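Accompanying notes for the structure given below.
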Protein chains: 2
Amino acid sequence: MLPVFGNIPKYSCIRDNFLLHQFRCILISVSKGDRVLSWIDQFPGLSRLPEGIRTYLLNESKIVTVPANTVIFGPGKSPENLLLLLDGTVRVQQTSDTGREIVLYRVHAGESCVLTTACLLAYEDYSAEGIAETETRAVAIPRAVFDKLVSDSIEFRQFVFTAYSKRITDLFMVIEEIAFQKLDIRLAHKLIELAAGAETVSATHQKLAVELGTAREVISRQLQEFQRRGWIEQSRGTIRLIEPAPLVKLAQS
Amino acid sequence: MLPVFGNIPKYSCIRDNFLLHQFRCILISVSKGDRVLSWIDQFPGLSRLPEGIRTYLLNESKIVTVPANTVIFGPGKSPENLLLLLDGTVRVQQTSDTGREIVLYRVHAGESCVLTTACLLAYEDYSAEGIAETETRAVAIPRAVFDKLVSDSIEFRQFVFTAYSKRITDLFMVIEEIAFQKLDIRLAHKLIELAAGAETVSATHQKLAVELGTAREVISRQLQEFQRRGWIEQSRGTIRLIEPAPLVKLAQS
DNA sequence: TGGGGTTCAGTGACGTTGTCACCAAACATC
DNA sequence: GATGTTTGGTGACAACGTCACTGAACCCCA
């Protein structure tokens, strides 16, 4: 957590039952050469901002923290700020009329919720919603500041459009996967991804179903098949990958 | 077609076997009040550009025409220009490794291929490709001009981000449809859309399958069911909607 | 004008995925 | 330990995807 001096103003918040603490961003006096170190250095795309822009951005943005499971934006809750994540992850997902859900993409630390800027500068409502998966710390850039930065800095424009590019590519991949990939491959892929090198994955079958936009029963059946082959072991809420190799192989095919 | 004076320079082109005719954009001397009429007025989002920006845009952009079935951009063929469509439509679709295809969205006259700007300013390759469905006339805005316009004009920024918003919303809808909607509903919807008020749809079963990201046989079976119910009549390459009402009802459910 | 190639559509069998109704085990709470 | 909730298991069936194959409609050109 960055050091904060003085009183911490509390604002009303994203969802009525959550408190969003907003801190005015404060420069930390750690010099690196002739430059001040700040959160900006956590974003490679922003590191080359000229000094004036850099200062403007630092002065006009705030650092916010939200608790886990906060709905950051969603239908009827269009975001007022562009968020750059410092810690935590945001899950962006969509819910259908019938109640089924699918995860579209995740925003990790060092990335931006840039797709929201589209509706931030335009007026359309998102049908998707963004949820903080863990306690999340982020830089909030107000609409007007974002607009000015896009106007004034070619580096910032590059940053924004590069982020767009990545997200849109992600969406294309999601479409390709749900339309064309077989479920066993997608599930193997997701297990490897969620394990992130570790041996166990903490997730219920229902959660995995939402990740892949399918039904719980389908996940249960497929995991039983993996178990029957001796690749995984299951217990309530967790899956142990005891033979990752064939899973990896399946995920790549 | 806009009047063009002098010689028409021919450039090398988008695909080696197609010629892309590029015309320097020429102001048409039709005054409307104290303002010059031009293609800009076909784009509501651009109509409020200030005079200087307007002139810059007119001078620095070109009007291009491409024949039907031209691949405008695709894997390994990143676009050098932002295209604003004056006539025709561009189909953006994606092909999987296994050869199956799906239509992601269409760009119509009066709209822009704005998602390409993401990779235009960034460096990533699109896995999707854009194909002119009919002979297509468009305004081409070079990368550098696009960047300058985004920098200089808040109206242009609004235009760009609004277009982004629409496209991304489209993508979300595509994801929701493939993941959650039943095929009969999607097919009914697509038939109504392609008919556009007319009685007949000219499309092979294969084309419809690509529209919905499914297999031809599935379309054939479903159309047979519609036919059995007396809603449509089929002949090679065309479908007659003889009872649109129940199709519309199905599409809305 | 009629052969020959190509495109388009129809069919049946089968595997995979989605849906529904229901049950049982594991866990949380008091 | 009784109770309610969450999580996972099961079987039947419907919907969709895949494959191999067939025949009809169309095009072209000698």
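So that the names make sense, note that chain A is the first sequence line, chain B the second, and so on, each numbered from 1. None of these values were measured; they are calculated from a predicted model.
Under the 4.0 Å criterion applied to side-chain N and carboxylate O atoms, Arg229(A) and Glu225(A) are assigned as salt-bridge partners.
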Residue pair Ser220(A), His205(A): steps toward the side-chain hydrogen bond (donor to acceptor under 3.5 Å, both in side chains) verdict: CA-CA 6 Å; Ser220(A) 294; His205(A) 295 188; 2.8 Å; yes

Worked check of side-chain hydrogen bond (donor to acceptor under 3.5 Å, both in side chains) between Ser165(B) and Thr162(B): CA-CA 5 Å; Ser165(B) 175; Thr162(B) 304; over 6 Å; no

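A donor-acceptor pair is defined here as one N or O able to donate and one able to accept, closer than 3.5 Å; such a pair exists between the side chain of Arg100(B) and the backbone of Gly213(B). A donor-acceptor pair is defined here as one N or O able to donate and one able to accept, closer than 3.5 Å; no such pair exists between the side chain of Gln252(A) and the backbone of Lys249(A). Here the side chain of Ser96(B) pairs a donor or acceptor atom with the backbone of Thr98(B) at under 3.5 angstrom.
Applying the salt bridge (charged side-chain N to carboxylate O under 4.0 Å, His left out) criterion to Glu243(B), with sequence neighbours excluded, gives no partner residue.
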Which pairs of donor and acceptor atoms, one on a side chain in residues 173-187 of chain A, lie under 3.5 Å apart (sequence neighbours left out)?
unit_1, atom_1, unit_2, atom_2, d
Glu176(A), OE1, Gln94(B), NE2, 3.2
Arg186(A), NH2, Leu212(A), O, 2.7

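Contact annotation: His205(A) does not reach the phosphate of dT6(D) (side-chain N/O to OP1 or OP2, under 4.0 Å).
Nearest nucleotide to the Glu217(B) side chain, out of dC20(C), dT7(D), dT11(C): dT11(C).
Distance, Arg216(A) CZ to dG9(D) P: 8 Å, rounded to whole Å. One interatomic measurement links the two molecules: CG of Leu187(A) to P of dT16(C), which rounds to 15 Å at whole-angstrom precision. The distance from atom CZ of Phe180(B) to atom P of dG18(C) is 10 Å, rounded to the nearest whole Å.
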All N/O pairs under 3.5 Å across the protein-nucleotides 12-17 of chain D interface:
unit_1, atom_1, unit_2, atom_2, d
dC16(D), OP1, Leu183(B), N, 2.7
dG17(D), OP1, Thr214(B), OG1, 3.4
dG17(D), OP2, Thr214(B), OG1, 2.3
dG17(D), O3', Arg100(B), NH1, 3.4
dG17(D), N7, Arg221(B), NH2, 3.1

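For the salt bridge (Lys or Arg N to Asp or Glu O under 4.0 Å) with Glu211(A), the lone residue among Arg106(A), Arg216(A), Arg91(A) that qualifies is Arg106(A).
Of the inter-residue distances, the one linking Thr136(B) atom OG1 with Asn69(B) atom CG reads 9.5 Å to the nearest 0.5 angstrom.
Closest heavy-atom contact between Pro75(B) and Glu129(B): CD-CB, 4.1 Å. Phe172(A) and Ala128(B) get closest at one heavy-atom pair: CE1-CB, 3.7 Å. Between Ala132(A) and Pro67(A), the shortest heavy-atom contact is CB-O, 3.9 Å.
The stretch residues 223-240 of chain A touches DNA chain D through Gln224(A), Arg236(A), Gly237(A), each having a heavy atom under 4.0 angstrom from the strand. Sorted by residue number, the list of members of residues 241-253 of chain A with any non-hydrogen atom under 4.0 Å from DNA chain D is empty.
Helix bend of the helix from dT1(C)-dA30(D) to dC30(C)-dG1(D): the angle between its two end axes, each built from five pairs, comes to 30° after rounding to 10°.
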